[in-house]
A.B. asks: 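Dropping a structure here in structure tokens format, bear with me for questions.
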Amino acid sequence: MTSLNGAVVLVTGANGGIGTHFVREALARGAAKVHATARTPRQWDDDRIVPLTLDVTDPSSIRAALAAAGDVTVLINNAGASISTPGILAHTDEEIRRNVETNFLGPLFLARAFAPVLSAKDNAAIIDIHSALAWWAVAGIYSATKAALWSATNSLRLELAPAGVQVLGVHVGYVDTAMAAHATDPKVDPADLVATVFDALEGGEHEVLADQTSVQLKAALSAPLESVYPQLAVKN
């Protein structure tokens, strides 16, 4: 289990939505410092928050962040890209590349870069924000990238366990942020999500299923495809 008391946290995508709640809640739970990263970082009203430029799709930006934040003990991969249309055949090539680079390669390369730093510290952790859509392929490339990140998180967890680094994967459906403004389904309050994630971190857990949607979709992984995707059922 990983305590946030005295921790040094790095949050990607910290400028708004879930990221801002991660920044504030980490400090509320005793973090000594939070590196609040974004492509264009904002200014904050707390000296414990250090704005840091980071583009997770740019290897040189990742290297610069590692050099500037070698004191990190908790890495939170929160930054993500969304899609304009659900169909994977309807996405543009640029949209596919942006989702792959932001949602999958970015957090993977960031975790790889910081792994030696975290492995050398006590009380270290990585938190990866997945999606319930990793288990439900109705969001095209977004679903695919989140499924890939889920698998990579499982690999990281196994490889970093001997060094004592906790790796926590988070699955959630819609969260009440600008990214989900179009959705009419129930949404999780981002403050509640962050509290649940940090409770799980401090409780030593490996995975968070933050809402009923995530619980149901994970349970359906062993079901026949026709049950998960009724449109595949043969009509007589």
Side-chain angles (χ1 to χ4, degrees), residues 2 9-14 18-19 22 35 37 54-63 65-66 69 72-83 88 91 95-121 124-173 175 179 193-194 196-198 200-201 204-210 213-215 217-218 220-222:
T2 305
V9 181
L10 187 148
V11 181
T12 68
I18 300 170
F22 271 125
H35 296 279
T37 80
L54 175 59
D55 179 351
V56 300
T57 70
D58 181 353
S60 63
S61 184
I62 291 176
R63 289 193 295 270
L66 177 62
V72 165
T73 61
V74 178
L75 169 64
I76 303 178
N77 279 315
N78 165 72
S82 59
I83 52 172
I88 201 165
H91 301 326
E95 192 171 32
I96 289 173
R97 290 190 179 95
R98 179 168 55 86
N99 270 257
V100 170
E101 291 175 356
T102 305
N103 296 343
F104 175 53
L105 294 179
L108 175 57
F109 287 151
L110 201 62
R112 282 164 52 90
F114 276 88
V117 169
L118 297 173
S119 296
K121 294 183 171 68
I126 296 173
I127 299 173
D128 284 342
I129 306 301
H130 305 152
S131 170
L133 290 172
W135 299 323
W136 197 32
V138 298
I141 194 61
Y142 182 85
S143 290
T145 57
K146 292 298 187 177
L149 181 58
W150 172 48
S151 181
T153 298
N154 288 337
S155 295
L156 288 167
R157 183 180 298 116
L158 295 173
E159 293 182 37
L160 290 171
V165 179
Q166 182 182 356
V167 179
L168 179 65
V170 179
H171 291 270
V172 64
V175 182
M179 186 178 287
L193 171 64
V194 168
T196 298
V197 171
F198 280 157
L201 182 75
E205 297 179 25
H206 301 303
E207 189 169 66
V208 173
L209 305 182
T213 298
S214 301
V215 172
L217 288 173
K218 186 172 186 184
L221 286 174
S222 60

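Source: prediction; values computed, not measured. All heavy atoms count here, side chains included; hydrogens, waters and symmetry mates do not.
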A.B. asks: For Ile62 and Ala113, which heavy atoms make the closest approach, and how far apart are they?
C.D. replies: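 Residues Ile62 and Ala113, closest heavy atoms: CG2-CB, 3.7 Å.
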
A.B. asks: Would the distance check show the side chain of Ser143 and the main-chain N or O of Trp136 forming a donor-acceptor pair, the cut-off being under 3.5 Å?
C.D. replies: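 Pair found, side chain donor or acceptor close to backbone of Trp136.
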
A.B. asks: Could you measure the distance from the OG1 atom of Thr37 to the CD1 atom of Ile76? Nearest 0.5 Å is fine.
C.D. replies: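 Spacing of OG1 (Thr37) from CD1 (Ile76) equals 10.0 Å.
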
A.B. asks: Flag the pair Ile127 / Leu75 as yes when at least one side-chain heavy-atom distance between them is below 4.5 Å, and no otherwise.
C.D. replies: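 The answer is no; the side chains never approach within 4.5 Å.
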
A.B. asks: Considering only heavy atoms from C-beta outward, does the side chain of His91 approach that of Ile96 to under 4.5 Å?
C.D. replies: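 A side-chain contact exists here, since the closest heavy-atom pair is under 4.5 Å.
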
A.B. asks: Parallel, tilted or perpendicular: which describes the rings of His171 and Trp135, with under 30° parallel and over 60° perpendicular?
C.D. replies: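 Because their plane-to-plane angle is under 30°, the rings of His171 and Trp135 count as parallel.
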
A.B. asks: Given side chains that start at C-beta, do those of Ile126 and Phe114 come closer than 4.5 Å, heavy atoms only?
C.D. replies: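 Ile126 vs Phe114: side chains apart.
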
A.B. asks: Does some side-chain heavy atom of Ile83 sit less than 4.5 Å from a side-chain heavy atom of Asn99?
C.D. replies: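 Yes; the side chains approach each other to less than 4.5 Å.
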
A.B. asks: Return the CZ to CH2 distance between Phe104 and Trp150, rounded to the nearest 0.5 Å.
C.D. replies: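 So the CZ of Phe104 and the CH2 of Trp150 are separated by 13.5 Å.
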
A.B. asks: Find the distance between CG (Leu221) and CG (Leu217) and round it off to the nearest 0.5 Å.
C.D. replies: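 One gets 8.0 Å once the value is rounded to the nearest 0.5 Å.
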
A.B. asks: Just by distance, do the side chain of Ser61 and the backbone of Asp55 share a donor-acceptor pair under 3.5 Å?
C.D. replies: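 Side chain of Ser61 to backbone of Asp55, a donor-acceptor pair under 3.5 Å: yes, one is there.
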
A.B. asks: Quick one: which of Thr153, Leu168, Asn78 gives a side-chain contact (heavy atoms from CB on, under 4.5 Å) with Asp128?
C.D. replies: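 Going through the options one by one, the only one that passes is Thr153.
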
A.B. asks: Can you check whether Val9 reaches Thr73 side chain to side chain, under 4.5 Å on heavy atoms?
C.D. replies: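 Heavy-atom side-chain distance check fails, nothing below 4.5 Å.
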
A.B. asks: Got a second to check how far Asn77's CG is from Thr102's OG1, nearest 0.5 Å?
C.D. replies: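 Going from CG on Asn77 over to OG1 on Thr102, the span is 12.0 Å.
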
A.B. asks: Kindly compute the distance separating OG1 (Thr2) from CZ (Phe198), expressed to the nearest 0.5 Å.
C.D. replies: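 Going from OG1 on Thr2 over to CZ on Phe198, the span is 11.0 Å.
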
A.B. asks: Do you know which two heavy atoms are closest between Thr213 and Ala132, and how far apart they sit?
C.D. replies: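 So the two residues come closest at CG2-CB, 4.0 Å.
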
A.B. asks: For Asn103 and Thr145, test the side chains for any donor-to-acceptor distance below 3.5 angstrom and give the result as yes or no.
C.D. replies: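 There is such a pair between these side chains.
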
A.B. asks: Would you call Ser131 and Val172 a side-chain contact if the rule is heavy atoms closer than 4.5 Å?
C.D. replies: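 No - every pair of side-chain heavy atoms lies 4.5 Å or more apart.
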
A.B. asks: Using side-chain heavy atoms (C-beta onward) and a distance below 4.5 Å, is Val56 in contact with Asp58?
C.D. replies: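 With C-beta onward as the side chain, the pair stays apart.
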
A.B. asks: Between Ala125 and Leu118, what is the shortest heavy-atom contact and its length?
C.D. replies: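 Answer, listing the atom of Ala125 first, then Leu118: O-CD1, 4.0 Å.
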
A.B. asks: Kindly give the heavy-atom pair with the smallest separation between Val72 and Lys121, and that separation in Å.
C.D. replies: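 Heavy-atom minimum between the residues: O-CD, 3.4 Å.
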
A.B. asks: Is the side chain of His35 donor-acceptor paired with the backbone N or O of Val11 at a distance under 3.5 Å, no angle test?
C.D. replies: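 No.
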
A.B. asks: Look up atom CD in Glu207 and atom NE2 in His130, then write down how far apart they are to the nearest 0.5 Å.
C.D. replies: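 Rounded to the nearest 0.5 Å, the CD-NE2 separation comes out at 8.0 Å.
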
A.B. asks: Evaluate the side-chain proximity of Val194 to Ile18: yes if any heavy-atom separation is below 4.5 Å, no if none is.
C.D. replies: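 They are in side-chain contact.
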
A.B. asks: Short question: side chain of Gln166, backbone of Leu201 - any donor-acceptor pair under 3.5 Å?
C.D. replies: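 Judged by distance alone, yes, a pair lies under 3.5 Å.
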
